[in-house]
Structure formats: structure tokens, C-alpha cells
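Down below is the structure, laid out as C-alpha cells.
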Amino acid sequence: MNTIYLDNAATSFPKPEAVAQAMVRYLTEVGAPLNRSVYRNAQETELVTLSLREQLKGFFHFPEKATHVILTPGNTYGLNLIIKGYLRPGDHVIVSSMEHNAVMRPLLQLPEVSFDRVRADAEGFIDPHDIHALIRPNTRLILMAHGSNVAGSVQDAEAVGAIAAQYGIPFVLDGAQTAGHFPLDFERFHLSALSVPGHKGLLGPSGIGALLLTDEMARQLSPLIAGGTGSASDSELLPEYLPDRFESGTMNLPGIYGWEAAMAYVSEVGMDSLRAHELLLMRRFINGIRDIPRVRLCGPKGLEHRVGVFSLDFVDQDNAAVSFALEQRFGILIRCGLHCAPAAHRSLGTFPRGTVRFSLGYANTEADVDAAIAAIGALA
Ligand SMILES: Cc1ncc(COP(=O)(O)O)c(C=O)c1O
């Protein structure tokens with residue numbers, strides 16, 4: 001039986017062919033370190049890494065220099081760096097009730113930092129105006145997921161950014177579910193930082209991500225780890241300059257090569273085409289499941305403010321058994337459960353049952369969506 005991959009919110013698959021090719025080329029032909037040596041292949045690693053930073057800068061309309069695109073071991077790391085490197089005892093943070101544990105768990109590791117959640121409605125949307133009432137004199141950060149990995153709802157980041165700017169509070173966005181799926185504009189959203197994973201909508205490998213930082217935010221951020229940077233080796237102190245200050249240790253070069261190739265692909269296809277394709281598939285999916293009885297779509301019914309992440313509740317069945325059957329009987333690969341975001345399920349009314357999550361990617365076709373709809377209908 002052929003399989004149909006609909007788990008792109010977890011990680012995108014398949015990757016463009018150029019991604020694996022670039023990684024293999026690094027491992028078999030290049031093999032040099034970054035920022036350490038100066039022979040020809042080592043210079044190449046510098047150029048490929050710079051190209052990755054420049055592409056990310058362009059893709060997200062990032063106004064700072066490419067030096068402020070910090071390459072991280074992943075999105076979770078970038079979010080931890082902001083939470084643990086920027087917040088101080090006594091600070092207050094505003095998050096949404098749709099956050100992933102990549103935000104909530106590090107936040108809860110800081111007992112001297114308090115937070116409030118802006119409550120999302122049953123479709124997974126916050127009302128940005130609710131933020132006003134939560135702001136306190138010690139509020140130092142507004143941090144939220146742009147797109148929900150449970151509901152697919154996309155928050156109005158521009159409105160949140162405008163409110164943050166009005167109070168002079170830094171606004172940091174978790175772009176895990178929107179980067180490569182939904183237009184994301186660092187300047188227009190008034191961001192102080194944006195964290196993205198390489199392996200989801202940006203089609204790169206796992207184990208790498210980026211944290212785009214304004215200079216202002218970078219100055220207030222303490223590095224989580226320290227070590228060799230290949231620079232300023234006359235000192236035992238971390239350099240002050242970026243990106244070195246936040247990139248200690250040997251970098252993930254296979255990941256950099258793979259992600260650089262992925263970004264070239266994503267940039268060539270363009271955000272508009274990626275979005276248009278996802279809109280086509282989303283419309284088909286929503287229309288296809290709308291009239292299936294005993295299946296509830298837990299998230300936005302409209303298309304404009306959402307990405308292709310669909311949580312379904314098979315109301316009179318065990319959602320885990322449905323998920324098992326989807327793979328066993330139909331070869332459809334999805335994710336079931338709470339998706340690392342328990343509070344989001346409380347907002348959607350699906351805690352602790354969880355949901356069956358279908359998530360679309362650039363490589364999915366209308367036929368994939370039709371097969372999923374048929375399987376959902378048969379199982380319902
Ligand atoms: C909204 C959201 N934030 C953060 C993360 C964590 O990203 P990663 O696991 O790539 O570090 C995810 C992963 O699914 C996510 O969906």
C-alpha cells in the first residue's frame with residue numbers, strides 16, 4: 001500500500017532533492033569546518049553559511065544585517081534562548097493560550113518570572129486587544145506562536161506587534177507553523193526576534209533553526225552556552241559580536257548545507273506560490289469534510305487566517321484508534337494526541353481527548369487530500 005504523508009506540521013516530507021544532495025556533498029566532498037580554517041573548502045563553508053543567513057534575511061524581510069541571523073540547533077533552542085537569556089527575575093511575560101511546550105516548559109522553569117495568557121477562542125484565535133488589560137509595569141516580553149500547531153489558526157501578528165510597539169515591549173514570534181506557509185514580515189510585525197525551525201515549512205533537515213534578532217534584543221540577551229567560536233581566540237571571554245556570541249561550538253554543517261539548498265528552493269518557488277498551493281488544498285479539505293457526520297473540525301472554518309493544519313475530533317470514537325486505522329487501512333500518516341500543546345486543547349475544548357491532526361505540505365496533491373477525505377468518511 002502506498003502511503004500519504006500528512007504530518008507536515010511535525011516535520012515536512014519529502015524534502016526537495018537538492019537538500020539531501022547538498023548534505024551528501026558536504027559529507028563526502030567538502031568536510032571542512034566553519035569559521036576556523038582558511039583553505040579552499042573551509043572558505044566554501046563560510047560562503048554557504050552566509051548564503052543561508054542572507055536567504056533567511058530576505059525571506060522574512062529582516063532589516064538587520066545577516067550577522068543577526070543566528071543559526072540554532074532548532075526552534076526549541078531559539079525559544080529557550082529568548083526565554084532564559086532575556087528574562088530576569090521579577091519580569092512578566094504575555095503569551096497566548098495556544099503555545100507549544102517549547103514556550104511553556106522553559107517559561108515554567110523560571111519560577112521568578114510570571115506570565116499571563118491571552119485566551120484564544122474555540123477556533124484558536126486571540127483578540128489582540130485583550131493584551132491591553134494584561135500589561136503590567138513589569139511586562140518585558142510578548143511572546144507567541146504565529147500559527148497554532150493544533151488548530152492551524154494564525155494570529156494577527158501585525159496587530160499584536162502594533163500594541164507591543166505602543167507600550168515599548170519587545171514582541172517575539174514563534175514561526176514554527178507559519179515559516180514557509182504564511183507570509184511573515186519581521187518589520188511589519190514590529191518584531192524584536194523571530195524563531196524558526198529549518199525542518200518544517202522551510203523544507204530543510206532537522207537539527208537546525210534560526211533566531212533573527214534585532215540589535216537591541218541581541219544586546220539584552222545572555223548566551224545560553226559558551227565555548228569556542230573560532231574567533232577572538234586570544235580571549236577566554238565570548239566575543240560581543242554576532243553571530244559568534246550565540247554560536248559557540250562546531251556548527252551543524254550538514255544541516256547548514258541542506259537548509260541552504262532548501263531555502264534556495266523555497267525562495268525560487270516563492271511564498272505566494274507556496275501559499276496559493278496550500279490554499280487550494282485547504283479549501284478542498286474543508287469542503288470535503290464539512291458534511292461528514294460525527295467529525296468535528298477543531299479550528300478555523302475559514303481559510304484566510306489559517307495554515308493547513310487540521311485537527312479533527314471523531315466525536316463518538318477513540319481518536320487514537322482512528323489514527324491507527326488511518327495508517328493500517330488507508331496508508332495515511334498523521335499525528336494523534338495533544339501535540340505538545342495542552343493549553344491549546346483547553347481553548348479548543350479537546351482536552352484531554354486530543355485530536356487527529358492532518359497537516360499539509362508543499363508536496364501534497366489534490367489526490368492526497370481526496371484520499372484523506374474518503375478515509376475520514378469511511379472511518380466516521
Ligand atoms: C508552534 C510550535 N512551536 C515550537 C515548536 C518546536 O519546534 P522544534 O520541535 O522544531 O524545535 C513546534 C514544533 O512542532 C511548534 O509546532
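Remember, it's 1-based here, ligands and their atoms both numbered in the order they're listed.
- Annotation: side chain of Asn101 is in contact with side chain of Met104 (closest heavy-atom distance under 4.5 Å).
- Contact analysis puts Lys200 in contact with ligand 1, with a non-hydrogen atom separation below 4.0 angstrom.
- Within the listing of ligand 1, atoms 14 (O), 15 (C), 16 (O) sit less than 4.0 angstrom from a heavy atom of Gln177.
- Test Val160, Val95, Asp121 against Ile126 for side chain to side chain contact (heavy atoms under 4.5 Å, CB included) and you get one pass: Val160.
- Nearest-heavy-atom check against atom 6 (C) of ligand 1 across Val150, Thr76, Val196 picks out Thr76.
- Remark: Asp316 CG is packed, more than 12 non-hydrogen atoms of other residues, nucleotides or ligands lying under 6.0 Å away.
- Just one residue in the list Val30, Leu27, Thr49 forms a side chain to side chain contact (heavy atoms under 4.5 Å, CB included) with Leu253, and that residue is Thr49.
- If you number the atoms of ligand 1 from 1 as listed, the ones under 4.0 Å from a heavy atom of Ala102 come out as 4 (C), 6 (C).
- Among Asp174, Ile208, Asn149, Thr178, the residue whose heavy atom lies closest to atom 3 (N) of ligand 1 is Asp174.
- Ligand 1 has His199 within reach: a non-hydrogen atom of the residue lies less than 4.0 Å from it.
- Other residues, nucleotides and ligands contribute at most 12 non-hydrogen atoms within 6.0 Å of the NE2 atom of His305.
- Close approach of ligand 1 to Pro197 is summarised as follows: ligand atoms under 4.0 Å from at least one heavy atom of the residue are 10 (O).
- Under a cut-off of 6.0 angstrom, the local environment of CD in Glu216 is sparse, with at most 12 non-hydrogen atoms contributed by other residues, nucleotides or ligands.
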